[in-house]
Amino acid sequence: MGSYVIRRLLRTLLVMIGISVVVFAFVRSIPGDPATALLGERATPAAAAALREQLGLNKPWFINFGNLGNPLDAQYPRYVAGLLQGDLGSGLKSNIPVRDELASRFPATAELSIAALLFALLIGLPAGIIAALRRNSAWDNLATTVSLVGVSMPVFWLGLLLSYFFAVRLGWLPPSARLGNETVLEPVTGFYVLDGLLRGQPAAAWDAVRHLILPAIALGSIPLAIIARITRSSLLDVLGQDYVRTARAKGLSARSVTLKHALRNAMLPVVTVIGLQAGALLGGAVLTETIFSWPGLGSWVYDAISLRDYPVIQGGVIFAALVVSVVNLLVDLSYATLDPRIQYR
Amino acid sequence: MTAAVPAPPKTGRAPSVFWRRFRRSTPGKVGAAIVAAFALLAIFAQWLAPYDARSEPNNFIQRLKPPSVAALWNEEVAAAYTDPVTGRTNIWAAPFGTDDRGRNVARRVLHGAQLSLKVGIASTLLALVVGTLLGVLSGYFGGWLDTVTGYLSDVMLAFPSILLAIGFASIFSSDTPPLPIAALDRLFALNSPQLVTAMLAVSLVQVPVYMRLARAVVLSVREREFVQAAGALGASQGRMVFRHVLPNSLSPLIVQGALSIATATIEVAALGFLGIGAQPPLPEWGTMISDSRQYYIDAPWTMIFPGLAIFLTVLGFNLLGDGLRDVLDPRSTQ
């Protein structure tokens with residue numbers, strides 16, 4: 001187990017290095033110059049050159065091949081050196097340290113993603129289980145249809161539909177932002193629902209929940225569909241196994257067979273899929289956050305791309321990739337707990 | 001979903017078996033019908049309702065009119081579509097309503113079908129060919145090639161795919177597109193380098209999926225007796241890969257292909273929605289929804305119908321994919 005974890009960590013580290021190199025090169029290949037984007041079209045070339053110099057953008061990307069000494073006097077090595085000291089640079093436009101903004105943006109996206117995943121699990125798991133237990137019944141057909149509709153629904157369209165019907169027409173829920181204008185809440189963790197409870201402001205927590213509902217449903221629709229599908233097929237697979245028949249033959253109750261014998265063993269593929277959804281949720285967050293004006297990671301990075309804000313794009317994407325890698329690592333490691341037959345070597 | 005049938009032997013499958021099984025698969029039939037309907041609409045769009053998005057003049061008198069079919073039960077709508085001279089109401093004038101420039105939404109959705117189908121299919125085919133080739137070679141030969149491609153696909157899969165696509169599309173979309181993009185633009189007659197860039201971006205994101213799938217399938221097929229027999233008979237490496245291993249690895253790739261056209265259609269529309277793919281006035285569905293964000297609160301039909309078109313197309317390909325899986329890979333269906 002130990003050596004497996006170490007190898008797995010090394011692999012994650014290598015992937016992270018690859019990602020930072022790719023992001024670095026990608027960002028600098030986007031046509032357009034951050035200095036002119038900052039100063040405006042009418043800036044003198046000299047002023048733009050001075051700003052580039054000040055930001056270090058006049059240096060080579062990866063290795064300094066010039067004969068002026070230090071080969072590491074280039075943008076990437078300097079960025080990595082900063083990264084190792086926890087310095088991600090500052091947003092070119094806002095001049096706020098990327099690390100600080102990440103600290104306020106990430107909880108917003110994480111809160112939204114967790115709410116979306118909870119919604120998906122709350123409906124997807126029971127739907128998949130019922131569909132498998134009552135196979136070919138009306139319930140099964142309903143669950144299959146719902147999951148098919150879920151995977152076929154464009155997230156941005158669903159978001160607009162939800163906001164049109166439930167926010168604009170019916171006025172039941174707010175259409176955008178994380179809190180209403182009149183709600184004042186001093187953040188503790190950045191998860192506003194939690195913060196409201198920690199600060200003893202249940203009204204603020206409730207306001208945060210109301211703002212979460214529509215974006216969470218939009219973001220959770222695809223994971224819901226996938227979880228329902230996998231739960232159904234995995235449970236059907238397990239229910240056909242010999243040991244389930246043996247358990248039934250021993251005279252155990254149907255409830256006990258399902259809950260203790262079948263369901264537990266059917267969960268392995270479901271957990272894998274939930275882990276894979278981490279990346280999909282972060283990606284879907286770009287669209288959902290744009291529609292619901294949610295001040296999270298996705299809308300931040302998306303805006304930064306059009307501004308050519310290199311430090312923000314780099315910091316945001318590398319962090320997102322780190323989160324995806326860590327979630328996948330945790331999922332891999334959880335297999336041994338879920339299924340003792342799996343041993344790592 | 002059909003009931004689980006015992007897996008029939010896979011070898012020596014006659015073409016008729018495919019159709020016999022496909023006809024039994026309800027999702028497959030429904031999906032094929034939806035896809036065929038959209039394909040026909042796309043092919044005959046110009047004949048059904050001639051349209052040129054770039055030269056259409058603004059028609060502000062007809063601005064944001066509700067769907068004309070509503071004239072049947074709504075007098076206000078009926079008045080809007082009644083000819084003041086003849087006094088006749090044309091309920092088919094604009095069945096999906098009109099947008100902020102008085103353009104007919106139904107006609108634009110119809111012509112969007114062509115763009116969406118072309119782009120969805122082309123990006124998937126490209127990813128399928130490139131990804132499968134890389135996957136087959138790395139699976140068959142292993143060694144450093146396998147290590148390198150495995151590492152690259154790890155890196156690519158760790159990105160949220162839409163961010164990768166946005167990044168790629170931002171690099172290459174400019175007013176003077178590089179030659180390969182201009183060439184593809186001509187080839188597919190899209191007249192929009194930005195849409196071609198979005199297509200390539202979506203394709204790029206799918207490549208690692210095919211690479212992994214093809215590699216996994218090849219690893220299992222490579223060990224089968226008939227491949228080893230071919231090797232023992234002195235077949236060359238190339239012949240072994242392309243005559244024996246690849247043709248026997250195709251089924252899961254075809255199923256994945258139909259499912260990925262669905263994903264690709266959504267992702268191209270999402271890029272259009274974010275303003276990175278097709279640019280106005282092209283009637284690409286995602287771009288139309290993006291336009292409608294300024295006025296959909298007053299005119300929801302400008303957002304509902306293009307979205308419905310995306311949804312139905314994607315649903316069709318998803319059903320078709322499920323049906324093909326029932327036929328080609330019966331063991332995986334529960």
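Not measured: the values here are computed from a predicted model. Numbered from 1 within each chain, the chains take letters A, B, ... in sequence-line order.
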Asks: Considering all heavy atoms of both residues, which atom of Leu160(A) and which atom of Phe273(B) are nearest to each other, and what is their separation?
Replies: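 Between these two residues, the closest heavy atoms are CD1-CE1, 4.1 Å.
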
Asks: Please flag which part of Arg169(A) lies under 4.5 Å from any non-hydrogen atom of chain B: side chain, backbone, both or neither.
Replies: neither

Asks: Counting only non-hydrogen atoms closer than 4.5 Å, does Leu14(A) touch chain B with its backbone (N, CA, C, O), its side chain (CB onward), both, or neither?
Replies: both

Asks: Could you give the distance from OG (Ser152(A)) to CD1 (Ile310(B)), rounded to the nearest 0.5 Å?
Replies: 12.0 Å

Asks: Would you say the side-chain atoms of Trp157(A) pair up with the backbone N or O of Gly286(B), donor to acceptor, closer than 3.5 Å?
Replies: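 No.
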
Asks: Say you draw a straight line from CD1 of Ile305(A) to CD1 of Ile166(B); how long is it, rounded to the nearest 0.5 Å?
Replies: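 Between atom CD1 of Ile305(A) and atom CD1 of Ile166(B) there are 5.0 Å.
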
Asks: Would you give the length of the straight line joining atom CG of Leu148(A) to atom CG of Asp322(B), rounded to the nearest 0.5 angstrom?
Replies: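 Answer for the CG-CG pair, Leu148(A) versus Asp322(B), is 6.5 Å.
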
Asks: Could you look at Tyr296(B) and say if it's the side chain, the backbone, both or neither that has a heavy atom under 4.5 Å from chain A?
Replies: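 Both backbone and side chain.
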
Asks: Can you tell me how far CD1 of Ile162(B) sits from OH of Tyr302(A), rounded to the nearest 0.5 angstrom?
Replies: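 Spacing of OH (Tyr302(A)) from CD1 (Ile162(B)) equals 10.0 Å.
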
Asks: Non-hydrogen atoms of chain B under 4.5 Å away: do they reach the side chain of Val168(A), the backbone, both or neither?
Replies: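 Side chain of Val168(A) only, per the 4.5 Å heavy-atom cut-off to chain B.
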
Asks: Under the 3.5 angstrom rule, does the side chain of Tyr164(A) hit a backbone N or O of Met303(B) as a donor-acceptor pair?
Replies: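 Such a contact is absent between Tyr164(A) side chain and Met303(B) backbone.
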
Asks: Taking the side chain as every heavy atom from C-beta outward, state whether Leu158(A) and Phe311(B) have any atom pair closer than 4.5 Å.
Replies: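 Side-chain contact under 4.5 Å: no.
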
Asks: Taking atom CZ of Phe26(A) and atom CG of Leu164(B), what is their separation to the nearest 0.5 Å?
Replies: 5.5 Å

Asks: At a 4.5 Å cut-off on heavy atoms, which part of Val301(A) comes close to chain B: side chain, backbone, both, or neither?
Replies: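 Answer is side chain: those atoms of Val301(A) sit under 4.5 Å from chain B.
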
Asks: So which part of Val149(A) gets closer than 4.5 Å to some heavy atom of chain B, the side chain, the backbone, both or neither?
Replies: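 Both parts, heavy atoms under 4.5 Å.
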
Asks: With only heavy atoms counted, which part of Ser325(A) is less than 4.5 Å from chain B, the side chain, the backbone, both or neither?
Replies: side chain

Asks: With chain B, which of Ile19(A), Val324(A), Asn328(A) has the greatest number of heavy-atom pairs at distances under 4.5 Å?
Replies: Ile19(A)

